[in-house]
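Some notes on the structure that comes next.
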Amino acid sequence: LAFLAVTANEVNEAIESAEVDDAAPGGPDNPLTIAEGQPFEVSGFQYAPGWSVTQDTLGDVQVEGLRVTNSRDETDSAIVEIKFMNGNEVVALVNCTTEQIQVGQTTSLNCFGADDFPATYDRITINDAF
């Protein structure tokens, strides 16, 4: 029974830790407001300045030049959602991902959006997909 109690405790601690991470700024449950071209940080990933929001030839919204440095304790990949908001409405969504990033390494995110470039939006947010 002692083993089961320890295992249950470890599971509870892992769940509590995941819930804290999800609620952190930029976590799945707490999108972080970001400004075009400005640097920001989400859970140990340092996003560089100089990125931009553009419109592709089909009229879809795109995020270009977004680069990230892994300042976490281990190799990980970025899988994020960038949302263009008008009030409480998501008017466009761009998904961005990376390959596994070694600690201290910098790479570009591959961003894909299939939503029309929004006529109006009042803020941009980012959050981890999970």
Are Val91 and Met85 close enough that some pair of their side-chain heavy atoms sits under 4.5 Å apart? no
Side chain proximity check, Thr98 to Asp76, heavy atoms < 4.5 angstrom: no
Residue pair Asp115 / Asp60, side-chain heavy-atom distance below 4.5 Å: no
Between OG on residue Ser108 and CG on residue Leu66, distance to nearest 0.5 Å: 8.5 Å
Nearest-0.5 Å distance, NZ of residue Lys83 to CG of residue Asn127: 4.5 Å
Do Ile82 and Leu93 have side-chain heavy atoms sitting under 4.5 Å apart? no
Got Val53 and Phe117 here, is their nearest side-chain heavy-atom distance under 4.5 Å? yes
Val80 side chain reached by Tyr47 side chain, heavy atoms, under 4.5 Å: yes
Donor-acceptor contact present, side-chain Trp51 to main-chain Arg67, <3.5 Å: no
dist Gln102:CD -> Thr69:OG1 (nearest 0.5 Å) comes out at 13.5 Å
Nearest 0.5 Å, please: how far is CD1 in Ile34 from CD1 in Ile126? 5.0 Å
Closest heavy-atom pair and its distance - Asn70, Arg72: OD1-N, 2.8 Å
Full working for side chain to side chain contact (heavy atoms under 4.5 Å, CB included) between Asp73 and Val103: CA-CA 7 Å; Asp73 294 334; Val103 174; 6.0 Å; no
Taking the side chain as every heavy atom from C-beta outward, state whether Val94 and Val61 have any pair of such atoms under 4.5 Å apart. yes
Go through the side-chain N and O atoms of Thr107 and Glu99 and say whether any donor and acceptor fall under 3.5 Å apart. yes
Nearest 0.5 Å please: distance from the SG atom of Cys96 over to the CG atom of Asn110. 8.5 Å
Criterion side chain to side chain contact (heavy atoms under 4.5 Å, CB included) on Ser77 and Thr97, from CA distance to verdict: CA-CA 7 Å; Ser77 58; Thr97 61; over 6 Å; no
Side chain to side chain contact (heavy atoms under 4.5 Å, CB included) between Val68 and Leu109, worked out: CA-CA 7 Å; Val68 64; Leu109 284 93; 3.6 Å; yes
Nearest-0.5 Å distance, CG of residue Asp122 to CD of residue Glu89: 10.5 Å
Between Gln46 and Ser71, which heavy-atom pair has the shortest distance, and what is it? CG-OG, 3.4 Å
Closest non-hydrogen atom pair between Asn30 and Ala23, with its separation: ND2-O, 3.0 Å
Are any side-chain N or O atoms of Asp56 and backbone N or O atoms of Leu58, one a donor and one an acceptor, separated by less than 3.5 Å? yes
Mind checking what makes ring-ring contact (aromatic ring centres under 6.0 Å, His included) contact with Tyr121, not counting sequence neighbours? Phe84
List the atom of Arg123, the atom of Gly87, and the distance in Å for their closest heavy-atom pair. NH1-O, 2.8 Å
Is any side-chain heavy atom of Glu64 less than 4.5 Å from a side-chain heavy atom of Cys111? no
